[in-house]
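Heads up, the thing below is written out as structure tokens.
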Amino acid sequence: MSAAESYRDHNSEHTALSAREAEILDFERQWWKFSGAKEQGIREQFDMSATRYYQILNGLLDSPEALAHDPLLIKRLRRMRETRQRARSARRLGADG
């Protein structure tokens, strides 16, 4: 079960995005407009650690509801995640070979 599914199951019985999940996606789309560090904005706006925020966000990337909510953002974040995963795999393979 993904982090978003776990969060959603724990906090809501419906399958649509919760208000908090929608706020997380909206924040992720516009975080650079806020002053200060992103982690500080996460703490102030959501009262959660950056680690928990990224767990929820990562789960949302696999959510059809999140894709319907903001397809451009979700597709961009998926590409970024895949690029990081490929880089990690390449580093591991380079170290093993």
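Sequential numbering from 1 along the given sequence is applied to the chain's residues.
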**Request:** Please check if the side chain of Glu21 supplies one atom and the backbone of Ser18 the other of a donor-acceptor pair under 3.5 Å.
**Result:** yes
**Message:** Among residues at least two apart in sequence or on other chains, which ones pass side-chain contact (heavy atoms from CB on, under 4.5 Å) with Glu39?
**Reply:** Ala37, Ala50, Tyr54
**Asked** Of all residues at least two apart in sequence or in a different chain, which pass the side-chain contact (heavy atoms from CB on, under 4.5 Å) check with Gln45?
**Response** Phe27, Phe34
**Request:** Could you walk me through whether Leu25 and Leu17 pass the side chain to side chain contact (heavy atoms under 4.5 Å, CB included) test, one step at a time?
**Result:** CA-CA 10 Å; Leu25 292 177; Leu17 285 180; 3.8 Å; yes
**Asked** Is the shortest heavy-atom distance from the side chain of Met48 to the side chain of Ile56 under 4.5 Å?
**Response** yes
**Message:** I'd like to know if Tyr53 and Trp32 are part of one continuous hydrophobic network [Ile/Leu/Val/Met/Phe/Trp/Tyr, side-chain heavy atoms within less than 4.5 Å].
**Reply:** yes
**Message:** What's the separation between atom CG in Leu72 and atom CG in Leu67, rounded to the nearest 0.5 Å?
**Reply:** 9.5 Å
**Message:** Using the salt bridge (Lys or Arg N to Asp or Glu O under 4.0 Å) criterion, which residues pair with Arg43? Sequence neighbours excluded.
**Reply:** none
**Request:** Mind checking salt bridge (Lys or Arg N to Asp or Glu O under 4.0 Å) for Lys38 and listing every partner two or more places apart, or none if nothing turns up?
**Result:** Glu28
**Prompt:** Sequence neighbours excluded, which residues qualify as side chain to side chain donor-acceptor pair (under 3.5 Å) partners of Gln85?
**Reply:** none
**Request:** Write out all pairs satisfying salt bridge (Lys or Arg N to Asp or Glu O under 4.0 Å) with one or both partners inside residues 67-88, taking only residues at least two apart or from two chains.
**Result:** Arg29-Asp70, Asp62-Arg81
